[in-house]
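Working notes, structure below.
In what follows, chains are A, B, ... by sequence order, proteins preceding strands, each numbered from 1. Because the structure is a prediction, the values reported are computed rather than measured.
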Protein chains: 2
Amino acid sequence: MTRHEMKGFLSFLIMWFIYKKEMTGAEIAIELEKRKGNKPSPGTIYPALKDLKDKGLIKDDRDKKYSLTKKGEEELDSHLKTFFDTFCDLDEMKSCCRKK
Amino acid sequence: MTRHEMKGFLSFLIMWFIYKKEMTGAEIAIELEKRKGNKPSPGTIYPALKDLKDKGLIKDDRDKKYSLTKKGEEELDSHLKTFFDTFCDLDEMKSCCRKK
DNA sequence: ATATAACTATCGGTTTTCCGATATTAAGGG
DNA sequence: CCCTTAATATCGGAAAACCGATAGTTATAT
């Protein structure tokens, strides 16, 4: 089956993942593979994590488990709002998808 | 309120729009502004339309109203599947968003 | 018919986003 | 302790995505 890139949501997804449960970089990569079908390369995942950390949106403990900072939670919330505004007709999209 | 780019979904959204209802470039720009908060420039919207047309995914009539081709419908369906696989926990995301 | 405005189109270039290659560090087994 | 493997990190660069500026086209009103 064809897979589509749909770039631009990597940071958003990472933040969403570790909001739900603190994760290491490797665990994040596995979760992305499950959903998107292809595993992101280390050169994708770790710079993304570094960037989020530099922005103060995520933090890591000794075991390299990442979690959101307070600022990160606010940012995620803001992202979610934009997301659901942009895809305001998700139900319609979903039913359309199932029909075929 | 902060708006986030979330790049990479322009073509997807355009195809979704004109699947629901045939639209001109200007109408598509207005719909994008409604959802995302900022109106894409002509330099964004028309090259995107040209690209989709060159790929045989959309077609236009005399009035420049765009609609999906058969191939475009298949492509949209495939995109939708990828989308809902990637965002497989939309309900959770939505309830999280509302909580705050 | 002509002026004005709105829409469409194209180009070059900038930014964003991602990845391959490579290096470094940490973990586990013998 | 050393070897192997896995995880993490960094860099340069490639590709994708987008936009500003500009120009051409069409529509509308007077």
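Spacing between atom CZ of B:Phe9 and atom P of C:dT16 amounts to 18 Å, rounded to whole angstrom units. If you measure from atom CD of B:Glu5 to atom P of C:dC18, you get 13 Å, rounded to the nearest angstrom. Atom CG in B:Leu32 sits roughly 14 Å away from atom C1' in D:dC19 (whole-Å rounding). In this entry the distance linking CG of B:Leu13 with P of D:dA17 reads 13 Å, nearest Å. The nearest whole Å value for the distance from the CD1 atom in A:Ile30 to the P atom in D:dA7 is 7 Å. A straight line from NZ of B:Lys7 to C1' of C:dC18 spans 13 Å, rounded to a whole angstrom. Rounding to whole angstrom units, CG of residue B:Asp51 and C1' of D:dA15 are separated by 14 Å. Atom NZ of B:Lys50 and atom P of D:dA17 are 17 Å apart (whole Å).
Backbone-only contact: A:Thr24 has heavy atoms under 4.0 Å from sugar-phosphate atoms and none from a base. Nucleic acid contact for B:Leu49: none, since no nucleic acid atom lies under 4.0 Å from a heavy atom of the residue.
Once rounded to the nearest 0.5 Å, the distance linking CE of A:Met23 with CG of A:Leu49 reads 10.0 Å. With rounding to the nearest 0.5 angstrom, the CE atom of A:Met93 is 11.0 Å from the NE2 atom of B:His79.
Of the candidate nucleotides C:dA9, C:dC18, D:dT8, D:dT8 has the atom nearest to the side chain of A:Lys64. Of all nucleotides listed (D:dC19, C:dT8, C:dC19), C:dT8 comes nearest to the side chain of B:Tyr46.
The environment of NZ in B:Lys20 is crowded: more than 12 heavy-atom neighbours from other residues, nucleotides or ligands sit within 6.0 Å.
Between B:Ala26 and A:Leu10, the residue anchored closer to the 5' end of DNA chain C is B:Ala26, taking for each the nucleotide with the nearest heavy atom. Between A:Met6 and A:Pro42, the residue whose closest nucleotide on DNA chain C is further toward the 5' end is A:Met6. Nearest-nucleotide mapping onto DNA chain D: of A:Lys39 and B:Lys36, the residue sitting toward the 5' end is A:Lys39. Closest-nucleotide positions on DNA chain D for B:Asp63 and A:Lys53 were compared, and the one nearer the 5' end corresponds to A:Lys53.
OP1 or OP2 of D:dC19 sits under 4.0 Å from a side-chain N or O of B:Thr44.
Judged by distance alone, the side chain of A:Lys65 and the main-chain N or O of A:Asp60 form no donor-acceptor pair under 3.5 Å.
Between B:Phe9 and A:Phe87, the ring planes lie perpendicular to each other; the angle is over 60°, past the 30° to 60° tilted range.
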